[in-house]
Amino acid sequence: MICTQCPRNCKAERGADRPGGVCAMPEMPVVARAALHAWEEPPISGTRGSGAVFFSGCPLRCVFCQNSVISQEGFGRAVTVERLRAIFEELIAQGAHNINLVTPTHFAHAILPALEKPLPVPVVWNTGGYESMETLRILEGKVQVYLPDLKYLDPERARRYSAAPDYPAAAAAAVKEMVRQTGPCVFDGEGLLKRGTVVRHLLMPGGLAEAKAVMDFVAGELGRENVLFSLMSQYTPMGRAGDYPEIDRTLRKSEIRAAQEYMAALELRGFTQEGTAADEGYVPNFDLTGVEENHSERINL
């Protein structure tokens with residue numbers, strides 16, 4: 001395949017045994033973990049857990065990525081479309097409230113046929129926010145819940161920390177399209193999200209001004225009544241954060257408090273985290289749980 005699925009538009013040739021592109025992935029989806037996940041926002045995790053499928057590779061190159069072993073080091077197992085569909089069904093049988101596709105963009109071409117037959121639970125598109133409009137439009141009707149990051153509105157920060165100076169423009173357009181597709185959030189009788197968009201922002205060291213700009217955008221451009229906002233305070237210096245002294249630390253309580261106060265002042269509906277979430281223990285164990293199948297082929301890139 002010649003890949004144009006993310007804003008990189010790198011047109012890399014990705015074959016069965018030939019990884020390519022910025023994501024450095026082959027054509028078939030590579031999965032590192034598929035299991036019930038309790039650490040999403042409450043209306044997504046619920047009481048039984050979200051059926052999280054963690055895909056390997058990523059169109060972004062965030063220097064602080066907590067999942068770098070799969071996003072940038074390529075650990076995982078290649079699976080067929082048929083096996084991917086079976087994984088979804090196995091998670092639902094375990095009690096998953098939804099199917100939560102984590103960093104799925106570069107495998108959209110293989111995920112769509114796996115979703116051809118509707119699932120009995122919502123599908124969550126859990127993404128870094130770096131999406132192309134073309135890919136989002138082919139997802140319409142297949143995805144009920146969008147869970148995007150809105151990491152930056154400052155192109156220089158996006159360049160420095162994610163090697164994507166076009167991230168702000170791409171992500172701003174993407175979240176608007178997501179809200180257009182889903183409309184305002186809809187919940188079931190148990191308070192679980194059936195349809196809607198939850199915009200996440202990871203507060204970073206020295207990033208209070210960025211966080212405020214993102215919240216202003218959400219309130220003004222997306223509308224308080226249309227989305228939920230998740231202010232995440234879980235930042236832990238991981239990956240290559242040590243090469244960037246200004247982000248090589250945990251958050252200060254004063255930074256978290258100021259961001260939370262600004263969110264409250266804007267009357268944004270949503271969620272906040274306590275500082276205790278900044279712990280490497282919250283990083284999933286990428287050990288191929290729920291992935292293994294005889295006809296799958298292990299790949300370490």
Side-chain angles (χ1 to χ4, degrees), residues 6-7 40-41 44 58-66 103 105 124-133 136 145-182 184-185 196-236 241 244 246-247 250-275 277-278:
C6 83
E40 308 290 23
E41 286 74 6
I44 295 176
C58 183
L60 293 171
R61 282 293 175 263
C62 300
V63 299
F64 50 86
C65 183
Q66 67 177 15
T103 318
T105 302
V124 180
W125 196 259
N126 185 340
T127 166
Y130 195 51
E131 303 284 337
S132 75
M133 298 300 285
L136 286 177
V145 178
Y146 283 104
L147 186 59
D149 292 334
L150 188 49
K151 298 176 184 291
Y152 324 98
L153 290 176
D154 178 357
E156 176 54 28
R157 288 175 67 85
R159 181 202 64 77
R160 179 166 174 78
Y161 301 130
S162 296
D166 63 332
Y167 177 94
V175 295
K176 288 181 179 180
E177 171 63 15
M178 293 172 186
V179 174
R180 184 198 68 77
Q181 288 186 20
T182 66
C185 294
T197 301
V198 181
V199 178
R200 288 171 159 173
H201 177 70
L202 177 65
L203 180 63
M204 293 179 61
L208 182 58
E210 183 76 81
K212 289 181 176 180
V214 167
M215 287 187 270
D216 286 340
F217 174 86
V218 171
E221 298 291 326
L222 304 181
R224 299 174 183 84
E225 70 281 4
N226 292 325
V227 299
L228 294 173
F229 182 72
S230 182
L231 178 64
M232 300 187 296
S233 306
Q234 68 189 40
Y235 180 85
T236 304
Y244 299 80
E246 72 275 17
I247 61 170
T250 56
L251 294 170
R252 300 187 179 104
K253 291 181 180 179
S254 59
E255 291 173 314
I256 298 173
R257 183 172 59 252
Q260 291 177 344
E261 288 173 351
Y262 196 79
M263 179 179 169
L266 287 179
E267 298 181 340
L268 287 175
R269 297 183 304 146
F271 316 95
T272 60
Q273 289 180 319
E274 299 302 322

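These numbers come from the heavy atoms of this one structure, side chains and all, not from hydrogens, waters or symmetry mates. Note that the structure is predicted; figures quoted are calculated from it, not measured.
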Discussion item. Taking S230's backbone N and O only, do any of them form a donor-acceptor pair with E41's side chain (distance below 3.5 Å, no angle check)?
Written reply: no
Discussion item. Tell me whether D154 contacts the main-chain N or O of E156 through its side chain, where contact means a donor paired with an acceptor under 3.5 Å.
Written reply: yes
Discussion item. Using 0.5 Å steps for rounding, measure from the SG atom of C6 to the CG atom of L60.
Written reply: 8.0 Å
Discussion item. I want to check something: taking the side chain as every heavy atom from C-beta on, are M204 and Y161 in contact at a cut-off of under 4.5 Å?
Written reply: yes
Fill in: Minimal non-hydrogen separation, P168 against A164, with atom names
CD-O, 4.2 Å
Practice prompt. Could you check if a side-chain atom of Y146 sits within less than 4.5 angstrom of a side-chain atom of L136, using non-hydrogen atoms only?
Written response: yes
Discussion item. Measuring from atom OG of S233 to atom CD1 of I256, what distance do you get when rounded to the nearest 0.5 angstrom?
Written reply: 4.5 Å
Practice prompt. Give the intermediate values and the outcome of side chain to side chain contact (heavy atoms under 4.5 Å, CB included) for residues T182 and W125.
Written response: CA-CA 12 Å; T182 66; W125 196 259; over 6 Å; no
Worksheet item: Considering only heavy atoms from C-beta outward, does the side chain of M232 approach that of L203 to under 4.5 Å?
Response: no
Discussion item. As an exercise, state the distance from CZ of R269 to CE of M263, rounded to the nearest 0.5 Å.
Written reply: 10.5 Å
Worksheet item: Could you walk me through whether E40 and F271 pass the side chain to side chain contact (heavy atoms under 4.5 Å, CB included) check?
Response: CA-CA 10 Å; E40 308 290 23; F271 316 95; over 6 Å; no
Worksheet item: Can you tell me how far CG of L222 sits from CD of E225, rounded to the nearest 0.5 angstrom?
Response: 9.5 Å
Fill in: Spatial distance of atom CG (L153) from atom NZ (K212) [nearest 0.5 Å]
15.0 Å
Discussion item. For a side chain to side chain contact (heavy atoms under 4.5 Å, CB included) check, start with the C-alpha distance between L266 and R224, then their side-chain angles and the critical distance, and finish with the verdict.
Written reply: CA-CA 9 Å; L266 287 179; R224 299 174 183 84; 4.3 Å; yes
Discussion item. Minimum heavy-atom separation for A172 and L150, please, with both atom names.
Written reply: N-CD1, 4.4 Å
Worksheet entry | Taking every non-hydrogen atom, the tightest pair across T197 and P148 | CG2-CD, 4.0 Å
Practice prompt. Kindly write out the residues that satisfy salt bridge (Lys or Arg N to Asp or Glu O under 4.0 Å) with R157, not counting sequence neighbours, or none if the list is empty.
Written response: E210
Worksheet item: What are the two closest non-hydrogen atoms of K151 and G128, and how far apart are they?
Response: CE-O, 3.8 Å
Discussion item. Check whether H201 reaches the backbone of L231 with its side chain - one donor and one acceptor, N or O, closer than 3.5 Å.
Written reply: no
Worksheet entry | Exam field: side chain Y235 to backbone I247, donor-acceptor pair closer than 3.5 Å | yes
Worksheet item: Does E131 use its side chain to pair, donor to acceptor, with the backbone of A174 at less than 3.5 Å?
Response: no
Worksheet entry | Whether R180 side chain and V175 backbone form a donor-acceptor pair below 3.5 Å | no
Item to complete: May I ask you to decide whether E246 forms a salt bridge with R160, counting only side-chain N to carboxylate O separations under 4.0 Å?
Response: yes
Worksheet item: If we ignore angles and hydrogens, is there a donor and acceptor under 3.5 Å between the side chains of D166 and Y130?
Response: yes
Worksheet item: Quick check: does any side chain N or O of T127 sit under 3.5 Å from a backbone N or O of G129, one acting as donor and the other as acceptor?
Response: yes
Worksheet item: V198 versus V227: any side-chain heavy-atom pair under 4.5 Å?
Response: no
Worksheet item: Can you tell if the side chain of D216 reaches within under 4.5 Å of the side chain of E221, non-hydrogen atoms only?
Response: no
Worksheet item: Can you tell me how far the CG atom of L202 sits from the OH atom of Y152, to the nearest 0.5 Å?
Response: 8.5 Å
Worksheet item: Is there a side-chain contact between Q66 and Q234, using heavy atoms and a 4.5 Å cut-off?
Response: yes
Item to complete: Sequence neighbours left out, what passes ring pair (Phe, Tyr, Trp, His ring centres under 6.0 Å) with F229? Give chain and number order.
Response: none
Item to complete: Answer yes or no: is there a side-chain heavy-atom contact under 4.5 Å between R252 and E255?
Response: yes
Worksheet entry | Over all atoms of both residues, closest heavy-atom pair of T272 and Q260 | CB-NE2, 3.6 Å
